Every structure is written in structure tokens, then in C-alpha cells.
Protein chains: 2
Amino acid sequence: MAVLETTKPRAKAPARQKQLSVELPLGQILDGDCVEAMRSIPSGSIDLVFADPPYNLQLGGDLNRPDGSHVDAVTDHWDQFDSFKIYDDFTRDWLIEAKRILKPDGALWVIGSYHNIYRVGAILQDLGFWILNDIVWRKSNPMPNFRGTRFTNAHETLLWCSQGEKAKYHFNYRAMKTLNDELQMRSDWVLPICNGAERLKEGGHKVHPTQKPEALLYRVLLSTTERGDVVLDPFFGTGTTGAVAKRLGREWIGCERENVYRDAALKRIEKELPLDESALTTMQAGRSAPKVAFGALVENGFIAPGTEVFDKKRRWTATVRADGSLAIGKQTGSIHGLGKDLQGAPSCNGWTFWHYEAGGEVKPIDAARQLYLLAVED
Amino acid sequence: MAVLETTKPRAKAPARQKQLSVELPLGQILDGDCVEAMRSIPSGSIDLVFADPPYNLQLGGDLNRPDGSHVDAVTDHWDQFDSFKIYDDFTRDWLIEAKRILKPDGALWVIGSYHNIYRVGAILQDLGFWILNDIVWRKSNPMPNFRGTRFTNAHETLLWCSQGEKAKYHFNYRAMKTLNDELQMRSDWVLPICNGAERLKEGGHKVHPTQKPEALLYRVLLSTTERGDVVLDPFFGTGTTGAVAKRLGREWIGCERENVYRDAALKRIEKELPLDESALTTMQAGRSAPKVAFGALVENGFIAPGTEVFDKKRRWTATVRADGSLAIGKQTGSIHGLGKDLQGAPSCNGWTFWHYEAGGEVKPIDAARQLYLLAVED
DNA sequence: GTGATTAGTGAATCGTACA
DNA sequence: ATGTACGATTCACTAATCA
């Protein structure tokens, strides 16, 4: 299991990416059943699958299968367990295809409510997907429970999964932290439901009963994809995924059975404008910045050999040597290694542990690294 | 499906109630495996089962905080299962017994995390339990994600179920509405984790690694039981369920294998006094004031990425980026941080410093925050 | 006594690259 | 596959200690 925060690993193989892209129906909505549609997609070609599967089983009344066909209650013996079985089979079918088309470091998102999410979650675990987080979309303006018989159903649940326990995945930690005012983004997201100008309407009626807010997709795509990534949505509906993907400079593919939804989605996405380059840029993680060896600071004169460096509490003071190593008496090591050994700690980030004096001020040696980076950039 | 808000239906048969009570081990902690222990309980005799089963965390190696200190993880033997299959079998076994001992109008609560709750949810649906709500416990003070690899895991999930789709159940709608400042109680509860004086400690160490906050049980018992009801907890631990039940005038039965936990629970419940009405209101967590990140305005479309923002005198103009950060050339930062840096000031309130144009008018970005709050407000 | 500072901790599926 | 080096990373709250 691993985390890649840069686009480098994907950028390394532009040819392969392009080659695949040619075969992929980018920017298209595939007509028909999503399992059939996904069969036309090459294995290991998709970066992200976002799925908002239906859960409109009408228990107790007329029964419809997830594909819309009607169950004949007269000829079929029917009960709650049969409907679970049909739903589970349907779920397993589309999840298997989703897993096949995803790249080894691709990811899956599914959204659902308590009616279906526990079945979906258990099945995707059985198929080998590895849950990274479950996310609660906390609705700021939910429908009240009019009859006063239960708690107000004020949230939905999203599951974010990698291909497996050991699989790599992508998480834009820094972008999420920036988006959340410099605090780690939590697993509960407070967002309004979709209404107002964003809600698609035709003749005063909503086009789709469960249109998701664009803010939700915005956060999903910003957190777990990079520019140019390919996002597939097997239950495209009115195309929220496509609209936000286009805006954020991601490629998209949809699957949708209903003509009405496909038409509305295409019209909607057509109007959407991609953000320009500068707006799309996000704060980068430290690890995507170029690596600097401490020795480079020494040999370029940013830190002179012989300089004394010390921890914040001045429990230890070490001397910088010409090769960029540190020494306290006979004890020597790298900025990380010596800090680790002195503290008896399992690890140590030497850049923030060691300090030096410059112009009467005490600064972490990381400050020198920043100066060096500024000087090198030009 | 029906709702009983009064105690009348139970009061109708006082004789039957009393007769059963005599056979039940009220106020006792049954030793040993909970499935065995529940077998000694008569069928249809329990009003509520609250269960906090092992989560099957499957942790890898050690985890250290950025400061090098060690995270005291849940590595107890009782949380270890070799496979999903074994965990599922274990889950099915205790759920079957729980269903048997519950009255026809009794209810089940289970708490879990994403590691186990999807399996538990699917299995209890398979057994015929009917989910009434899933409740999200949003932790006000969760442990951060120290490595920056995922979203902060900031919640746990509770499932509230009746005996079946058509089964009756009890819900104290009025009590919940009162507890929530005359607003319907929602499916997301903000409560702090258990620490401070409430956390049981022995020799400076926590007695139980996963002790639940009493406020959580308080809300569970107050919403779905009446005075005198019998509550059974198959994974009693250090007896939070028993303590709160006693305080609220409910009868309780526990099951627990570990001597240490049983002893601690008995001592704890012994000290517990039934609560007078006045304390009722002090248990709830205050409603948190809404705090808005600038990124929330961006992802919700109140401020578009690419928008230009500027200070009042237009000395500086910055561009809003997709993650809610601002950029002027190569200089970037949060609304507060960039404003601070540009002015060379010790701090800066970005909300009032930066302005934007909307409808030909120049407004501080705080105006957009007010619009957002209006849209989000309950 | 009071406010400021420091230390500790909580159900956590918590790295990557190269030799 | 296994080991080693390098590198990146924390929020809210409580309790204890210090000024």
C-alpha cells in the first residue's frame, strides 16, 4: 500500500497513457446496461470509478429488478430475501467489471444510503477491494422526517477503496488540507443537497430524482485524481461526474440507460467550461518538491561547514561537517539519522529537528532549504 | 411498521412483564462467551440489545506520531480474526441469539467502524432485522491521520434495527427533539470521545482500549427504551451500557469474558446513582458554531476557481485556485497566510482583507461566506 | 491563585526507493 | 524477498507543570 502525491508516476508513461486514451470512449455516454458497456473498456485502463448505484427496490409493493424489468409476483414466489439476492447479484456484477477496468493503482468510490450501502460494502470487500475510508456526506438541509417516527435521515455514505490491501492509490493530501483551512480533511463532509440553479429541471420538475451536488464530486475528484486522469461513472444519470470532471480537467466516460438522462447530461456538460491552468493548480505536497540533500546546502554555501546546529530545546548541539554529515563528539550521522539516534526515536525529520542561528534568529534548517530552492529555481 | 411513543402497550401486561423479570439475571454480568450466555435467556424477553462487537481492525506494524511518540493501538487478542469468513460466522452467531431473545417489538443497536460495519449490516439484514436508521457518531476530537495518507477517520457508525419490516418499535420522538433544541434529532450525532474523568484508568493506564462515551449510550437508551425496560449488552466491556441504564432507570444484563473488565464494570456501576431529571440536559454536547473554510465556498460554487480577489486599495490581486488557495505569481497561500505575507504583518484576517466583484459591486469575500451560511443553515 | 506552557493521548486497516 | 536509507507527518482536549 502506498501513496503517490505527484503526477510523476503517471507522467512517466505518456505514450502508454495516450495509446490507451485513443481506445477509450472519452467524453462519451455509453448507452445501455453498465455491465455490458464496461465490457467494451480495456482492462486496467481507468483511473477512477465513481458509482451512484440505484437502490429503488420497492419491497412489499410492486417489485422491479435493478435493470427495470418487472417481477411477476404471481408466478414468482417472492420475499425480502429474494430481493436482496437480486440486488446482491446486480451489485457483484457491476463491481467485478469496475475492478477489471481499473488500473492497479486506480480507485473506486461508491455512494449509497443505509438501504444498500451495507450490502455494497460487504460485497466489494469480498471482491478484494480495500476500504480506505468511509465518508459521511452530512447534508446541511435534509428532508425532515415528517411523521416523527425515526431520526431525520440526514446523511449518505461514500466508500473509497483501492484495488487491494497492498495496492497503491492516489491521495492529494495537501489539496484537501488546503481546502479545509489548513486542517486535515475529515471523514465527514458537510455539504448542502443539490438544489437551486444547479438542480436540472424540465417543465418545473426535476429531471433526476437523486441528482448529486457538484461540490461532492468536486471533492472526490480533487482528492483522488490528477489532471488528465480518466474517470468512469457506470450510473451517469444527468452527468454530475462528467460536468465536474470537465471543469477540473479530468477525462470522463459515462454509462446510462435512460435517453432522457443522457440528453440532459450531454447538454449540461456541453455548457461546462474547463478551468484554466492557473486555477487548477493546487498546493503541492512537500514530497513532490525537488529533493534536496543537506550536503547540497553545505557545498553551495547556504550552511558553512563548522556551523553549529541544535534541537529546539538545545539538548544537543552538533557540528556541520564538509560532507553534510553532523557530528557530536565521536557520534556522527545524517541530519535524520543522528536526530533519530540521539532521541532514541524510531524516526526523525532532520529538516525540522535541527536549528541554526542566522541574523540573530533561530530557524529550522528547513528554512535554508527553502532559500536554496528559491535560488535554484531561476 | 408502527411506532409506539408511550409506555402504554407495555404497561398493559404488567403481570407478564414481572413474571419474565424474575427469570432474568437483571443487574448481572454473565461470564463467558456471549452466544453461550445468551442461550440462558428466554426467547422474546429483552427490550433492547446494544452491541459493541470487536471491529476486526487488522492493523499492520507500529505507528508513530510525527513527534516520534508511539500510538497505543488496539492489539488485544479479542479483536483478532483470521479472515472475513471467520468474522462473518462469529457475527451471524451472536446476531441469531440476539434476535431470539428480543421481544417482537424489541430493537437492536450495533456500533462499528468501516472495518466491520458493512459485514455486520449485511448479515443482520440477511437475518431479517430491519434497519430503521444508520447513525453517524461524528467525533469532535478524533485521532488525526499522522502520515497524511487518508482522510482523518473521524466517525463511527451505529445501526438501529427492528425485528423486521412489519415489526413495531419504540421511538421517543419528543425526548429527542427536546434534547436537540426543539429540532428533530438527526442521524449524525456530534459527541467527544471518552476521556477525562469518565475514562476508567488503573495505575495510569486505560482499563479498556475502546471505552465508549456515556453520552452515546445516553442517547441510545433515551431514544429507544422506556423506564423499566431490559437492556442486554453482549460485549459489556467496562459496562458503559450498564452504568447509563442504571442512571436512566433501565434494567440491564451484560455478557463479558474478561475478568478484568467484569470487575471494573461492577465497581463502576455500583457507584452509579439513578439520575434526577435536571441532569438530563447537561449530558448533551452543545451545538457547534458553524466554521467555514474558504475552500468550502470554492467547491460549492460561491467563488469560482480563477476568480480574482484583491485588497481594498488594489495593491495586490490574487487568483483563486481549485483547492481554495490564492496565488500571485509564484507566491501562494491561504487567504489568511498570503494576506499576512504580502503585508509583512504578523497576522491577517483573509475574510475581510480580500475582496471580489459580484454584480458590479466590490465585496469582501466574507460576504460570500454569509451567503454560504444562509444556504447551509438548518 | 492565575495564566501560560508543556506533555500526553485517542478503535488507525497510516511509505518509498534502491541496493 | 529483505534490508537500509531517506523522508514526511498531527487535532482536540486534558492534565500537569511552570512562571
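Computed from a predicted structure; not experimentally measured. Every chain is numbered from 1, with letters handed out A, B, ... down the list of sequences.
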Can you tell me if the side-chain N/O atoms of [X] get under 4.0 Å from OP1 or OP2 in [N]?
X      : N      : value
B:K206 : C:dG10 : yes
B:R65  : D:dT10 : no
A:H336 : D:dG7  : yes
A:S334 : D:dC6  : yes
A:Y173 : D:dT10 : yes
A:K177 : D:dT10 : yes
B:N153 : C:dT13 : yes

Roughly how far apart, to the nearest Å, are [N] and [M] at atom [atom1]?
N      : M      : atom1 : answer
D:dA12 : C:dT13 : C1'   : 23 Å
C:dC18 : D:dG7  : P     : 12 Å
D:dC18 : C:dG1  : C1'   : 14 Å
C:dA11 : D:dC6  : P     : 36 Å
D:dT10 : C:dG8  : C1'   : 13 Å

For [X], report the nucleic acid contact type (base, sugar-phosphate, nothing); a contact means any heavy atom under 4.0 Å.
X      : value
A:L183 : sugar-phosphate
B:D79  : base
B:S140 : sugar-phosphate
B:N116 : nothing
B:R199 : sugar-phosphate
B:P53  : base
A:G350 : nothing
B:S113 : nothing

Legend entry - cation_pi(B:R119, B:F84) dist<6.0 Å, angle<=45: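 Yes, a cation-pi geometry holds between B:R119 and B:F84.
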
Need the pair for [N]. Rule: Watson-Crick or G-U wobble, both distances under 3.5 Å, any strand; none if unpaired.
N      : result
D:dA8  : none
C:dA19 : D:dT2
C:dA12 : none
D:dA16 : C:dT5

Legend entry - Toward the 5' end of DNA chain C, by each residue's nearest nucleotide, B:G60 or B:D72: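 Checking each residue's closest nucleotide, the 5'-ward one belongs to B:D72.
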
Legend entry - Comparing B:H70 and B:D67 on DNA chain C - which has the more 5′ nearest nucleotide: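 Result: B:D67.
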
Inset, instruction - Taking the side chain as every heavy atom from C-beta outward, state whether B:L158 and B:E156 have any pair of such atoms under 4.5 Å apart. - result: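 Heavy-atom side-chain distance check fails, nothing below 4.5 Å.
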
Rounded to whole Å, please give me the gap between [atom1] in [X] and [atom2] in [N].
X      : N      : atom1 : atom2 : value
A:F171 : C:dT13 : CZ    : P     : 12 Å
B:I117 : C:dA12 : CD1   : P     : 16 Å
B:H115 : C:dC14 : NE2   : P     : 8 Å
A:F353 : D:dT9  : CZ    : P     : 19 Å
A:F294 : D:dG7  : CZ    : P     : 12 Å
B:Y118 : C:dT13 : OH    : C1'   : 14 Å
B:K139 : D:dA12 : NZ    : C1'   : 13 Å
A:W354 : D:dG7  : CH2   : P     : 16 Å

Legend entry - Any N/O donor-acceptor pair, B:R150 side-chain to C:dT13 base, under 3.5 Å: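 By the distance-only test, yes, there is a pair.
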
Inset, instruction - Please tell me which of the listed nucleotides, D:dA8, C:dA11, C:dT13, lies nearest to the side chain of B:K212? - result: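 The answer is C:dA11.
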
Legend entry - Which nucleotide in D:dT9, C:dG10, C:dT9 has an atom nearest any side-chain atom of B:P66: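 Output: D:dT9.
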
Inset, instruction - Mark yes when over 12 heavy atoms from residues, nucleotides or ligands other than B:E198 sit less than 6.0 Å from its CD; otherwise mark no. - result: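 Count over threshold, so yes.
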
Inset, instruction - Determine, stepwise, if the pair A:D188 / A:H155 fulfils side-chain hydrogen bond (donor to acceptor under 3.5 Å, both in side chains). - result: CA-CA 10 Å; A:D188 54 319; A:H155 74 275; over 6 Å; no

Inset, instruction - Dump the intermediate steps for side-chain hydrogen bond (donor to acceptor under 3.5 Å, both in side chains) on B:H336 and B:S334, then the final yes or no. - result: CA-CA 5 Å; B:H336 312 295; B:S334 70; 5.8 Å; no

Legend entry - Per-pair stack call A:W130 and C:dT13, 5.5 Å, 30°: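 Taking the rule of under 5.5 Å and under 30°, the ring of A:W130 does stack on C:dT13.
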
Legend entry - Stepwise salt bridge (charged side-chain N to carboxylate O under 4.0 Å, His left out) check, B:K85 with B:D89: CA-CA 6 Å; B:K85 167 95 172 60; B:D89 290 344; 2.7 Å; yes

Legend entry - Given DNA chain D, 5'-ward residue of the pair B:F146 and A:R186, judged by closest heavy atom: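 Looking at the nearest nucleotide for each, B:F146 comes out on the 5' side.
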
Inset, instruction - Assign each of A:C348 and B:P144 to its nearest nucleotide of DNA chain D by heavy atoms, then name whichever residue's nucleotide is nearer the 5' end. - result: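 Its nearest nucleotide lies further toward 5', so the answer is A:C348.
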
Inset, instruction - Enter the distance from B:N116:CG to B:F90:CZ here, rounded to the nearest 0.5 Å. - result: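 Between B:N116 CG and B:F90 CZ, I get 9.5 Å after rounding to 0.5 Å.
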
Legend entry - Qualifying residue for ring-ring contact (aromatic ring centres under 6.0 Å, His included) with B:H208, from B:W78, B:F235, B:F236: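 With B:H208 as partner, ring-ring contact (aromatic ring centres under 6.0 Å, His included) holds for just one option, B:W78.
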
Legend entry - Minimum heavy-atom distance B:L216-B:I111, with the two atoms named: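 Result for this residue pair: CD2-CD1, 3.7 Å.
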
Inset, instruction - Mind telling me if C:dT13 is syn or anti? Syn here is a glycosidic angle within 90° of 0. - result: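 C:dT13: syn glycosidic orientation.
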
